[in-house]
Amino acid sequence: MCSKPPLRILESLDLLGAWPNCLYLLKGEEAMIVGGGMSWIAPALEKQFAELDFDSSRIRYLVITHSHFDHCGAVPYLKRKFPRAKILASAYAQRVFSLGKAVQFIAAMNDRMLEISGAGKEAGTLDLKFDGIQLDQTVSDQDTMDLGKGITVRFLETPGHTQCSLSAYVPSLKALFPSDAAAFPKFDGTGAAHPSPQYDFQLYQGSLKKLAALEVEILAFEHHGFLRGDEAKKFLAQAGRRTEEDRKFVLENIRGSEDLEGVVQKLAEEFLEQTRFLFLPPEIQKSVAATVARKILETRRE
């Protein structure tokens, strides 16, 4: 069963944020926040950081696993709160953050969720404006970061969901942070939601296989908490099966352009029912589902 934040998973690992947008505090001699969340969770984070028995000056790294608005929206707030922390992401994410239209879209989606959640009234007090992200360091496949006390983070390039997707793995804890490179649990914690290979379906499948080869005891998602033990070990295999089921569904039900609308509508509605994401407008999820369907259809021609 997935667990909700805030929660101490291990002495060296805390789950923070909110159920739809999770962050993780990974602690050695130095500390790292994995996940960039959204600005609406900042009031919860303020309370959680205040209640932690932890010297926040040890936070030296903020890891953005990919550049989507729901995975980086809280980063400017976090950087202002922890100015000594270096922002890490992939080189392609750095390119995305240099685009004015991308920054405007990320800001707009985070502002929208501030209003929906009721956190908008605290935006000024906490300085939650999304005004862009400047990386301090890019990381790539197999790069490592030693936090001390036996906590070494290995970064893995896991493209498919996006071109800039990164996952993180801590061998000593057997803890994997897959971000959206794999399907994540449904809202109620039962089973895998629809996967979201928006960049390249075959690369997405390859990234899943890469993750599935790791020895995992803790599977820490940025949506809907974490799994541990046997549940964690089984989930990646389940996510792989769900990905193959979606591929077959699309290929079997789209024979011509006239079939696309119905399949896309079904995928979009099911995903929103599975996730209950208030931050994701139905029209955007429908656009995402259309992109996923097209990426799957491309495999028919290859």
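In this text the structure is predicted, and so the values were computed from the model without any measurement.
E30 places a side-chain heavy atom less than 4.5 Å from the side chain of Y61. A heavy-atom distance below 4.5 Å is found between the side chains of L156 and L211. Taking 4.5 Å as the limit, every side-chain heavy atom of T162 sits out of range of all side-chain heavy atoms of D180. For the pair T152 and M145, the minimum side-chain heavy-atom distance is 4.5 Å or more. Using a 4.5 Å heavy-atom threshold, the side chains of E222 and L23 count as separate. Side-chain contact between R112 and L114 is absent, with no heavy-atom pair separated by less than 4.5 Å. Contact check for R154 versus V170: no side-chain heavy atoms found under the 4.5 Å cut-off.
A single hydrophobic cluster is seen to contain both I33 and F97, as judged by linkage of ILVMFWY side chains at heavy-atom distances under 4.5 Å, directly or through other members. In the hydrophobic cluster analysis, where Ile, Leu, Val, Met, Phe, Trp and Tyr join through side-chain heavy atoms closer than 4.5 angstrom, L26 is grouped together with I218. Under a hydrophobic-cluster definition in which Ile, Leu, Val, Met, Phe, Trp and Tyr are linked whenever side-chain heavy atoms come within less than 4.5 Å, directly or via other members, Y199 and L267 are assigned to different clusters. In terms of hydrophobic clustering, with Ile, Leu, Val, Met, Phe, Trp and Tyr side chains grouped at heavy-atom distances under 4.5 Å, Y204 and Y92 are assigned to different clusters. Linking Ile, Leu, Val, Met, Phe, Trp and Tyr residues whenever their side-chain heavy atoms come within less than 4.5 Å places V264 and L272 in a single cluster.
Contact record, L62 with K79: CD1-N, 3.9 Å, taken as the closest heavy-atom pair. Residue A85 comes nearest to D136 through the heavy atom pair O-OD2, 3.8 Å, listed as atom of the first residue, atom of the second, then distance. P76 and G132 make their closest contact through CG-O, 3.6 Å (heavy atoms, listed as atom of the first residue, atom of the second, distance). The two residues A293 and I254 make their nearest non-hydrogen contact at CB-CD1, 4.4 Å. Among all heavy-atom pairs drawn from G73 and F130, the shortest one is O-CD1, 3.7 Å. Residues P178 and S167 come closest through the heavy atom pair O-OG, 3.2 Å.
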- Task: Would you check, one step at a time, whether the test side-chain contact (heavy atoms from CB on, under 4.5 Å) holds for Y77 with L45?
- Result: CA-CA 10 Å; Y77 149 76; L45 289 173; 3.9 Å; yes
- Query: What do the steps show when you test F69 against F105 for ring pair (Phe, Tyr, Trp, His ring centres under 6.0 Å), and what is the final call?
  - Reply: CA-CA 8 Å; F69 69 86; F105 178 73; 5.8 Å; yes
- Message: Is there a side-chain hydrogen bond (donor to acceptor under 3.5 Å, both in side chains) between E215 and Y169? Walk through the geometry before answering.
- Response: CA-CA 10 Å; E215 191 172 359; Y169 180 63; 5.6 Å; no
- Query: Can T243 and Q205 be said to form a side-chain contact (heavy atoms from CB on, under 4.5 Å), step by step?
  - Reply: CA-CA 8 Å; T243 301; Q205 287 184 308; 4.3 Å; yes
- Query: Can you check side-chain contact (heavy atoms from CB on, under 4.5 Å) on E217 and L173, steps first, answer last?
  - Reply: CA-CA 7 Å; E217 289 289 337; L173 304 180; over 6 Å; no
- Would you sort out whether K27 and D14 count as a salt bridge (Lys or Arg N to Asp or Glu O under 4.0 Å), showing the intermediate values? CA-CA 8 Å; K27 299 170 290 186; D14 292 303; 2.6 Å; yes
- Query: Is there a side-chain contact (heavy atoms from CB on, under 4.5 Å) between S56 and F49 once you walk through the steps?
  - Reply: CA-CA 8 Å; S56 62; F49 284 126; 5.9 Å; no
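Checking side-chain atoms of S117 against main-chain N and O of W40 turns up no donor-acceptor pair under 3.5 Å. Looking only at distances, a side-chain donor or acceptor of T275 sits under 3.5 Å from a matching main-chain atom of F271. Under a 3.5 Å cut-off, the side chain of R247 and the backbone N or O of I296 do not form any donor-acceptor pair. With R228 contributing its side chain and V216 its backbone, the two residues share no donor-acceptor pair below 3.5 Å. Between the side chain of Q137 and the backbone N or O of I87, no donor-acceptor pair lies under 3.5 Å. A distance-only check finds a donor-acceptor pair linking the side chain of T291 to the backbone of S287 [under 3.5 Å]. Under the 3.5 Å distance criterion, the side-chain polar atoms of S90 are matched with a main-chain donor or acceptor of C164. At least one donor-acceptor pair under 3.5 Å links the side chain of N110 to the backbone N or O of I106. In this structure a side-chain-to-backbone donor-acceptor pair under 3.5 Å is present from D143 to S140. H161 contributes no side-chain N or O that, together with a main-chain N or O of A181, makes up a donor-acceptor pair within less than 3.5 Å.
Between E273 and R276 there is a salt bridge, since a side-chain N of the basic residue sits under 4.0 Å from a carboxylate O of the acidic one. Using a cutoff of 4.0 Å between basic side-chain nitrogens and carboxylate oxygens, K210 and D141 are scored as salt-bridged. At a threshold of 4.0 Å, the pair E245-R241 does not count as salt-bridged, since none of the basic side-chain nitrogens sits closer than that to a carboxylate oxygen.
Here CG of L166 is found 6.5 Å from CD of E157. Values are rounded to the nearest 0.5 Å. Atom CG of D259 and atom CG of L297 lie 10.0 Å apart (nearest 0.5 Å). In this structure, the separation between NZ on K174 and CG on L219 is 14.5 Å, given to the nearest 0.5 Å. Atom CG of L280 is separated from atom CE of M113 by 10.5 Å, given to the nearest 0.5 angstrom. In this structure, CG in L16 is found 8.5 Å from CD1 in I41, a value given to the nearest 0.5 Å. Expressed to the nearest 0.5 Å, how far CZ of R242 lies from CZ of F249 amounts to 10.5 Å.
Using a 3.5 Å distance cut-off with no hydrogens or angles, the side chains of K286 and Q265 do pair a donor with an acceptor. Side-chain atoms of T65 and S179 form a donor-acceptor pair, as typed in the model, at a separation below 3.5 Å. A side-chain donor-acceptor contact under 3.5 Å links H223 and D70. In summary, the side chains of D246 and H194 do present a donor paired with an acceptor at a separation below 3.5 Å, with no hydrogens or angles considered.
Of the listed residues (F184, F235, Y24, F226), just one forms a ring-ring contact (aromatic ring centres under 6.0 Å, His included) with F221, and that residue is F235.
Other residues, nucleotides and ligands contribute at most 12 non-hydrogen atoms within 6.0 Å of the CZ atom of R95. Within a 6.0 Å radius of NZ in K81, more than 12 heavy atoms belonging to other residues, nucleotides or ligands are found.
Between H224 and F277, the angle of the ring planes lies from 30° to 60°, which puts this pair in the tilted group. Ring geometry for H66 versus H71: interplanar angle of 30 to 60°, hence tilted.
Residues F177 and F155 keep their aromatic ring centres 6.0 Å or farther apart.
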